[in-house]
Amino acid sequence: MSAPRRIAVDAMGGDFGVSVTVPASVRALQKHSDLQLDLVGDKNLIGPLLQDVPQPLVSRLGLIHSTQRIPAGKRPQSVLRASRDSSLYLAVDLVKQGKVGAMVSAGDTGALLLIGRHLLKTLSGINKPAILATLPSVSEPCYLLDVGANPDCDSQQLFEFAVMGTVLAESLGRSVPRVGLLNIGSEDYKGSSAVLQTAAALEQCADLNYIGFIEANELFEGAAEVVVCDGFVGNVTIKSSAGVANVVGKLLDRATSTAEQHPLICSLSAQLNPQRFNGASLLGLQGSVVESHGNATAEGFFYAIEQAIREIDHGIPQLIGKRVADIMSSNQGLLTGAKN
């Protein structure tokens, strides 16, 4: 049996707090017999939700009391000063102290980014962390980054995203994952200066399997395993995709509610369920941080915990740190040459 895996859960984060995070945590404990969790939140709210949970599961749960949660939209400059006792801050700090291998939160993205960078710091060779999300496709899932951490990116950051996305895809069993740049067309003259400079550098990088520009519709056709873009484009893309998936899901539910449930329709509905793809990795930090959608259900938050488990099992921060150092050292002049 492998060594026990321990994860900190920001139990207070998200739109629904403990009503979602606690049931999801119990489900994760039921599935993984060697998993241990630290729930960070108000014991008075968490306790009643554990009354009917079998003692063997409760024995693998640690409770760290915190009544403070960071409200959505809080100004970044006030987060570090006023939120040191919040459940989100304490959960990230457990990663910093080495008491857990990862943390999961459905809290405010801006606060999570700020606290993550403040406590864990970025890996050597990484300018800024990126949020990686998983999208369904007709073949294997597609990994898209950045989806919100960095609205404006230069070619250096985009190149680093390509490296980090490749490492994650490889760790999940994708042999020589294809890397694409999200763009407004496939022609080599289209795109922003940052995208064009990144493309020129990736074309010369023998360490990455760069296949060229990817248009938005190709994300779901399995054109590439890793797709790179800036945080503004990525965030719009991921939220638009979730909206479409929700509409299709509701239409399928309506169809099955008015007729006999067809196995094919049920299978399609399950595959399109956006909750299955919840759990975005904050890559580039010296520790594993997984972000859940704020409005995730207990099912969705469970999948975010699953993502954190995978990061621990594969040692994602360590893999990224080593790969970035190797690739950057062997390709030092690429981006400088591309900009010229």
Contact check, side chains of [X] and [Y], non-hydrogen atoms, under 4.5 Å:
| X | Y | value |
| --- | --- | --- |
| K121 | K96 | no |
| E291 | L282 | no |
| V26 | P23 | no |
| F161 | L132 | no |
| R117 | T122 | yes |
| Y143 | V227 | no |
| N209 | T166 | no |
| S25 | I305 | yes |

Open item on the list: Checking side-chain contact (heavy atoms from CB on, under 4.5 Å) between V179 and each of V163, I211, V226, which is the one that passes?
Closed with: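 Of the listed options, the one satisfying the test is V226.
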
Task: Sole candidate of T237, V228, L158 that passes side-chain contact (heavy atoms from CB on, under 4.5 Å) when paired with L182 - done: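 So the option named by the test is T237.
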
Task: Test log, rule side-chain hydrogen bond (donor to acceptor under 3.5 Å, both in side chains), inputs Q68 and S86 - done: CA-CA 5 Å; Q68 184 182 356; S86 69; 5.3 Å; no

- [ ] Could you please spell out the steps behind the side-chain contact (heavy atoms from CB on, under 4.5 Å) verdict for F302 and K31?
- [x] CA-CA 10 Å; F302 164 78; K31 180 178 178 181; 3.8 Å; yes

Do you know which two heavy atoms are closest between [X] and [Y], and how far apart they sit?
| X | Y | value |
| --- | --- | --- |
| E170 | P177 | CG-CD, 3.6 Å |
| P317 | L285 | CB-O, 3.7 Å |
| M103 | A91 | CE-CB, 3.6 Å |
| L319 | S171 | CD1-CB, 4.1 Å |
| V104 | A304 | CG1-CB, 3.8 Å |
| L61 | L39 | CD2-CG, 3.7 Å |

Please tell me whether [X] and [Y] are part of a single hydrophobic cluster in this structure, the criterion being side-chain heavy atoms less than 4.5 Å apart.
| X | Y | value |
| --- | --- | --- |
| L202 | V176 | no |
| L144 | V236 | no |
| I46 | V58 | yes |

Look at the side chain of [X] and the backbone N and O of [Y], then say whether any donor-acceptor pair between them is shorter than 3.5 Å.
| X | Y | result |
| --- | --- | --- |
| R178 | G222 | yes |
| R69 | L88 | no |
| R60 | L29 | yes |
| N150 | C153 | no |
| N235 | V147 | yes |
| S87 | G41 | no |

To the closest 0.5 Å, what do you measure between [atom1] ([X]) and [atom2] ([Y])?
| X | Y | atom1 | atom2 | answer |
| --- | --- | --- | --- | --- |
| F213 | N183 | CZ | CG | 4.5 Å |
| D154 | D152 | CG | CG | 10.0 Å |
| H118 | D93 | NE2 | CG | 9.0 Å |
| L283 | L145 | CG | CG | 6.5 Å |
| L90 | M12 | CG | CE | 11.5 Å |
| K322 | S124 | NZ | OG | 13.5 Å |

- [ ] Applying side-chain contact (heavy atoms from CB on, under 4.5 Å), run through L94 and I64 and close with a yes or a no.
- [x] CA-CA 10 Å; L94 288 173; I64 299 173; 3.5 Å; yes

Give a yes or no on this: more than 12 heavy atoms of other residues, nucleotides or ligands lie within 6.0 Å of atom [atom1] of [X].
| X | atom1 | value |
| --- | --- | --- |
| K99 | NZ | no |
| N217 | CG | yes |
| F232 | CZ | no |

TODO: Begin from the C-alpha positions of F159 and C205 and carry the test side-chain contact (heavy atoms from CB on, under 4.5 Å) through to its verdict.
DONE: CA-CA 10 Å; F159 188 89; C205 180; 4.0 Å; yes

Task: Test log, rule side-chain hydrogen bond (donor to acceptor under 3.5 Å, both in side chains), inputs Q307 and S281 - done: CA-CA 8 Å; Q307 178 62 28; S281 298; 3.0 Å; yes

Task: Stepwise side-chain contact (heavy atoms from CB on, under 4.5 Å) check, L208 with I327 - done: CA-CA 9 Å; L208 300 175; I327 292 179; 4.0 Å; yes

Open item on the list: Do the side chains of E225 and R174 get close enough for a salt bridge, i.e. N-O under 4.0 angstrom?
Closed with: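 No.
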
- [ ] State plainly whether the residues K128 and E160 are in salt-bridge range, i.e. N to O under 4.0 Å.
- [x]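 Not counted as a salt bridge, because no side-chain N and carboxylate O are separated by less than 4.0 Å.
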
Open item on the list: I need the single residue from D10, N278, T21 that forms a side chain to side chain donor-acceptor pair (under 3.5 Å) with S292. Which is it?
Closed with: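 Going through D10, N278, T21 one by one, the side chain to side chain donor-acceptor pair (under 3.5 Å) with S292 is satisfied by N278 alone.
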
TODO: Scan E311, H314, Q318 and name whichever one has a side chain to side chain donor-acceptor pair (under 3.5 Å) with S288.
DONE: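 Per the side chain to side chain donor-acceptor pair (under 3.5 Å) rule, the option paired with S288 is E311, out of E311, H314, Q318.
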
TODO: Give a yes-or-no answer on whether the side chains of D42 and T67 include a donor-acceptor pair shorter than 3.5 Å.
DONE: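 T67 and D42 do not have a side-chain donor-acceptor pair below 3.5 Å.
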
